[in-house]
Amino acid sequence: MIEVEEQPWRAMVAHAEKTFPNECCGAMLGRIQGENKRVTEALALENAYAGAQGAMYELRPEDLLAADKAAREKGLDLIGIYHSHPDADAYFSQTDLKNSCPWYSFVVLSVKRGKFDHANSFLPDPDQTKAEKEEFVWPKF
Amino acid sequence: MAKVLIPTALRRFTGEQDSVEVTGGTVAEALGQLTTQFPNLKKNLYTDEGKLRSFVNVYVNDEDIRYLDKDQTELQGNETISIVPSIAGGAAGVAEPPAALSNEEIARYSRHLILPEVGMDGQLKLKQAKIILIGAGGLGAPLGLYLAAAGVGRVGIVDFDVVDASNLQRQVIHGTSDLGRKKIDSAADKMRDINPNIAIDKFETGLTSENALDILKDYDIVIDGTDNFPTRYLVNDACVLLKKPNVYGSIFRFEGQATVFAYEDGPCYRCLYPEPPPPGLVPSCAEGGVLGILPGIIGLIQATEAVKIILGVGETLKNRLLLYDALGMRFRELRLRRDPDCPVCGHHPSVTKLIDYQEFCGVKPMSETKPAGDAITAKELKEKIDRGDNFLLLDVREPHEYQIARIPGSKLIPLGELPKHLNELDKDADIVAQCKSGGRSQRAVDLLKANGFKHVRNMTGGITAWSNDVDPSVPKY
């Protein structure tokens with residue numbers, strides 16, 4: 001189960017809406033206790049994909065390394081990665097799956113016509129063949 | 001000794017150590033030592049064939065080893081080795097998840113799956129189906145709830161209205177706590193609560209000739225839950241042009257109708273009604289009232305037809321107009337036929353693109369059709385009363401409406417009775433006609449003028465505007 005606190009959730013939604021119609025991406029920091037993950041901080045990262053970013057994102061390894069370092073310094077864990085799907089649903093696409101990493105939760109935010117619509121979290125397997133939906137709790141307002 | 005920094009996500013495999021000291025002359029040896037020491041790390045970093053997984057990048061100090069000598073990159077013993085996954089993705093041009101039911105869905109749809117007429121194949125058809133609801137009101141409410149529960153994969157909703165107190169008597173997808181919210185938001189929340197597996201597209205707009213084809217084209221089935229003629233003709237023509245079935249329903253007072261138009265070789269709405277009725281002849285539910293339960297019954301007949309079309313089972317209402325009478329509790333059927341001369345779906349159609357349906361139905365905003373001198377606003381009426389003008393305020397609503405709310409000093413003559421009472425009124429008198437929202441009173445004005453009354457005006461917005469703009473203590477209904 002992954003739960004996002006209000007402050008990071010507002011930041012993620014704002015980031016996704018601001019980046020619309022392009023995809024945004026970022027890192028989620030927080031604490032892990034057994035199967036329970038709690039996101040306490042969201043870190044916006046740059047979409048480094050070289051082509052049209054309307055339906056693609058790419059994270060720079062250096063940025064991910066820096067995010068991991070930032071987590072270390074705060075005594076937090078790098079729990080997962082979030083990105084947006086502009087005018088598409090929050091599914092885990094084949095592109096998402098083939099470029100995923102099983103160490104993290106992948107939160108997908110669906111943004112329709114510039115407004116946040118819904119979200120899901122996924123746990124991809126190490127062979128990048130499937131991703132399980134993860135129980136996902138975010139603040140409703 | 002080189003130092004390997006362990007990503008936070010992998011520390012559970014290293015006994016929570018955030019870095020591990022290793023020896024080895026190359027990156028391959030160093031990582032080999034790491035995974036020997038912590039065997040559970042191995043499957044996270046290597047494939048079963050022993051190759052580094054495609055998403056694993058290794059950095060020596062700040063350099064990616066892909067640009068050095070890969071895993072044969074030599075180590076002096078003072079380096080920092082970082083393990084960084086490469087991550088990308090996106091919604092890009094990719095098919096949605098493969099058509100299969102998860103275990104959660106199998107449990108959820110169990111009562112469908114054990115019906116031979118539905119089964120696994122049918123439930124997957126439902127999951128892949130895309131339905132669009134025009135309107136999230138009386139008919140849209142039961143449709144949305146049950147189509148979500150049934151597992152229709154994608155539902156679009158077109159509605160620009162907000163939830164009003166007068167909706168709650170029948171629009172069961174909205175609750176008291178939703179008052180003032182957008183209907184599309186309230187409906188989508190309820191539907192996702194019932195079934196989080198469905199995708200919902202919200203269109204906060206009215207359906208127009210400009211946007212209809214674009215909105216409807218991505219769906220398999222269109223369900224008409226509207227309450228006005230211009231939109232009904234628009235939905236019909238768009239469905240014929242796009243070759244999509246139009247699951248039709250309508251309600252009034254205690255009676256309802258349902259059928260399936262523009263489906264296979266069946267007729268369309270225009271085959272049944274080539275021309276709209278004169279404006280104002282058929283009252284809307286807001287004017288005539290509707291039994292709150294009625295849209296539940298008609299909406300669920302529409303839902304049933306939509307599900308049957310998706311599953312390809314049973315006999316649809318194509319070629320049949322189903323009539324329902326709640327007071328007599330009777331269903332009847334009328335036979336429908338496709339009209340070879342239909343202007344839209346006939347052999348030689350004259351309508352080949354969407355037209356101006358407001359104009360077609362003779363509906364134009366007041367300001368365009370009526371000179372300003374014909375109308376008076378609620379505030380102007382109040383000033384007129386306060387001035388003590390000598391005039392007749394003629395309320396043309398029904399007696400039971402008059403019981404709910406009235407403007408002081410008004411005289412009640414229901415519109416239908418007005419022709420019998422013309423001789424009781426003074427043709428030279430100053431008359432203001434008023435109803436609930438301005439529609440019926442406009443017809444009263446037209447009638448009076450046609451009969452030689454000289455000073456007749458319509459009160460725009462009716463008693464609803466009076467409540468909004470003059471006296472909020474008058475209840476709105």
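Order of the sequence lines sets the chain letters (A, B, ...), proteins ahead of strands, with each chain counted from 1. When reading the values below, keep in mind they use all heavy atoms of this one structure, side chains included, and skip hydrogens, waters and symmetry mates.
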Are the side chains of A/Arg113 and A/Asp87 in touch, meaning some heavy atoms are under 4.5 Å apart?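 Yes - at least one pair of side-chain heavy atoms lies under 4.5 Å apart.
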| Side-chain (A/Ser100) to main-chain (A/Leu97) donor-acceptor, under 3.5 angstrom |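 At least one qualifying donor-acceptor pair exists.
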- Query: Ignoring hydrogens and geometry, is there a side-chain-to-backbone donor-acceptor pair from B/Lys190 to B/Ile173 under 3.5 Å?
  - Reply: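 Side chain of B/Lys190 to backbone of B/Ile173, a donor-acceptor pair under 3.5 Å: yes, one is there.
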Given a strict heavy-atom distance threshold of 4.5 Å, which part of B/Leu45 is in contact with chain A: side chain, backbone, both, or neither?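 For B/Leu45, side-chain heavy atoms alone lie under 4.5 Å from chain A.
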Checklist line | Which of B/Leu5, B/Val56, B/Asn57, B/Asp64 touches chain A most, by non-hydrogen pairs under 4.5 Å | finding: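 Ranked by heavy-atom pairs under 4.5 Å with chain A, first place is B/Leu5.
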Exercise. Mind ranking B/Lys43, B/Arg11, B/Glu204 by heavy-atom pairs under 4.5 Å with chain A and telling me who comes out on top?
Key: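 That would be B/Arg11.
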I need the residue from B/Pro85, B/Pro196, B/Ser82 with the largest number of non-hydrogen atom pairs under 4.5 Å to chain A.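 Winner by heavy-atom pair count: B/Pro85.
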Is there side-chain contact between B/Lys202 and A/Lys112, with heavy atoms separated by less than 4.5 Å?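 Contact flag for B/Lys202/A/Lys112 side chains = no.
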| message | Under 4.0 Å between a side-chain nitrogen and a carboxylate oxygen: does that hold for A/Lys133 and B/Glu104? | response |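 So A/Lys133 does not pair with B/Glu104 through a salt bridge.
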Notebook entry, point to check: What part of B/Ile87 gets closer than 4.5 Å to chain A, counting heavy atoms only: side chain, backbone, both or neither?
Noted result: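 Contact with chain A is through both the backbone and side chain of B/Ile87.
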**Request:** Using non-hydrogen atoms and a 4.5 Å limit, figure out which bit of B/Thr47 sits close to chain A: side chain, backbone, both or neither.
**Result:**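 For B/Thr47, neither part sits under 4.5 Å from chain A.
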Item to complete: Apply the ring-ring contact (aromatic ring centres under 6.0 Å, His included) test between A/Phe122 and each candidate in A/Tyr82, A/Phe92, A/Phe136; give the one that qualifies.
Response: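 Only match with A/Phe122 under ring-ring contact (aromatic ring centres under 6.0 Å, His included): A/Phe92.
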**Request:** Flag the one option from A/Asp77, A/Asn120, A/Asp96 with the top tally of heavy-atom pairs under 4.5 Å to chain B.
**Result:**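 Among A/Asp77, A/Asn120, A/Asp96, the one with the most close pairs to chain B is A/Asp96.
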*asked:* Counting heavy-atom pairs closer than 4.5 Å to chain B, which one of A/Ser110, A/Pro61, A/Ala90 comes out on top?
replied: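 Most heavy-atom pairs under 4.5 Å with chain B: A/Pro61.
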What part of B/Tyr46 lies closer than 4.5 angstrom to a heavy atom of chain A: side chain, backbone, both or neither?
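Contact with chain A is absent: no heavy atom of B/Tyr46 under 4.5 Å.
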